[in-house]
Asker: 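The structure is given below, and queries will be raised subsequently.
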Amino acid sequence: MNEILIEGKRLRLRRANSTDLNYIMTLQYAPENLKFVVPFDENYHREIINSDGSKKLDVIIEEIDTGLAAGYFMLRELDSPCIEFTHVIIGRKGLGYGREALRLLMKWSFEIKDFHRVWIDCKDYNKIALHLYESLGFVREGFLREIILTDGVYENLIVLGMLDTEYFLSVRS
Ligand SMILES: CC(C)(COP(=O)(O)OP(=O)(O)OC[C@H]1O[C@@H](n2cnc3c(N)ncnc32)[C@H](O)[C@@H]1OP(=O)(O)O)[C@@H](O)C(=O)NCCC(=O)NCCS
């Protein structure tokens, strides 16, 4: 039985299981995604999937109508008041799924799980993701200079965050 976190109009977020491992690995290593994420190996994902889910979760974004996977996220630091969203990857891009899935994740984080803060980091040249996060209300909080070494080149990360108070103000306005 798949554990459903939350459902929206077109998408549901559910906990990944071992049959999703291939999908997650394929999505991470697809060239259009790999340049924007730091992939984890299959064992790392297997450990998360087999864990009690209290610290980290792999989450599948699924189309409600078809039951097909449309993307995946990883959630970390679930045992703290400040949850990290990472590996935001949409397989079926440009359909508004990224926006809908993140809205669902924000709703789950703040309205259902009562987290105080969510944060995410993003390569500084990832214009599409930065536009998406900022348009959802994430605030740029920090700039980590030359922190990731990719193919011999050091890259910068932007840290973005949202507080529970900011989330509730945005959904009421
Ligand atoms: C970033 C990503 C998650 C966005 O998901 P998506 O489902 O394609 O995005 P959406 O369809 O919800 O669109 C979100 C916004 O981005 C814009 N956008 C989407 N694709 C775009 C493109 N190719 N060019 C320019 N803008 C684009 C949309 O116009 C929309 O903005 P708007 O509502 O102001 O018009 C997805 O492109 C992806 O998986 N990228 C590769 C992995 C990645 O970069 N992950 C983020 C790591 S921090």
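None of the values given here were measured: they were computed from a predicted structure. For the single chain, residues carry numbers from 1 onward in sequence order. Both counts, for ligands and for their atoms, begin at 1 and track the order of listing.
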Asker: Under a 4.0 Å heavy-atom limit, does Leu132 contact ligand 1 with its side chain, its backbone, both, or neither?
Answerer: side chain

Asker: Can you pull out the closest protein heavy atom to atom 39 (O) of ligand 1? Residue, atom name and distance to 0.1 Å, please.
Answerer: Ile90 N, 2.8 Å

Asker: Is Asp41 paired with Arg46 through a side-chain N to carboxylate O contact shorter than 4.0 Å?
Answerer: no

Asker: Tell me, which protein residue and heavy-atom name are nearest atom 37 (O) of ligand 1, and how many Å apart are they?
Answerer: Lys93 CD, 3.7 Å

Asker: Which one of Phe73, Phe40, Tyr44 satisfies the ring-ring contact (aromatic ring centres under 6.0 Å, His included) criterion with His87?
Answerer: Phe40

Asker: Protein non-hydrogen atoms only, distance under 4.0 Å: does atom 16 (O) of ligand 1 have such a neighbour?
Answerer: yes

Asker: Are any of the N/O atoms in Gly98 less than 3.5 Å from those in ligand 1?
Answerer: yes

Asker: Is it the case that atom NZ in Lys55 sees more than 12 heavy atoms from other parts of the structure closer than 6.0 Å?
Answerer: no

Asker: Is Arg117 salt-bridged to Glu77, cutoff N-O under 4.0 Å?
Answerer: no

Asker: For Asn22, does the CG atom have more than 12 heavy-atom neighbours from other residues, nucleotides or ligands under 6.0 Å away?
Answerer: no

Asker: Which one holds for Tyr133 and ligand 1: side chain close, backbone close, both close, or neither close, with close meaning a heavy atom under 4.0 Å?
Answerer: side chain

Asker: Could any protein non-hydrogen atom be found less than 4.0 Å from atom 13 (O) of ligand 1?
Answerer: no

Asker: Output yes when the distance from some N or O of ligand 1 to some N or O of Ile89 is under 3.5 Å, and no in every other case.
Answerer: no

Asker: Would you kindly specify which portion of Leu95 sits under 4.0 Å from ligand 1, judged on non-hydrogen atoms: side chain, backbone, both or neither?
Answerer: backbone

Asker: Would you say Asn156 and Lys123 make side-chain contact, with heavy atoms under 4.5 Å?
Answerer: no

Asker: Specify whether the nearest protein heavy atom to atom 43 (C) of ligand 1 is under 4.0 angstrom away.
Answerer: yes

Asker: Among Ile128, Leu157, Val88, whose heavy atom sits nearest atom 20 (N) of ligand 1?
Answerer: Ile128

Asker: Give the atom numbers and elements of ligand 1 that come within less than 4.0 Å of a heavy atom of Asp121.
Answerer: 48 (S)

Asker: Nearest heavy atom to atom 34 (O) of ligand 1 wins, so pick from His131, Lys127, Glu134.
Answerer: His131

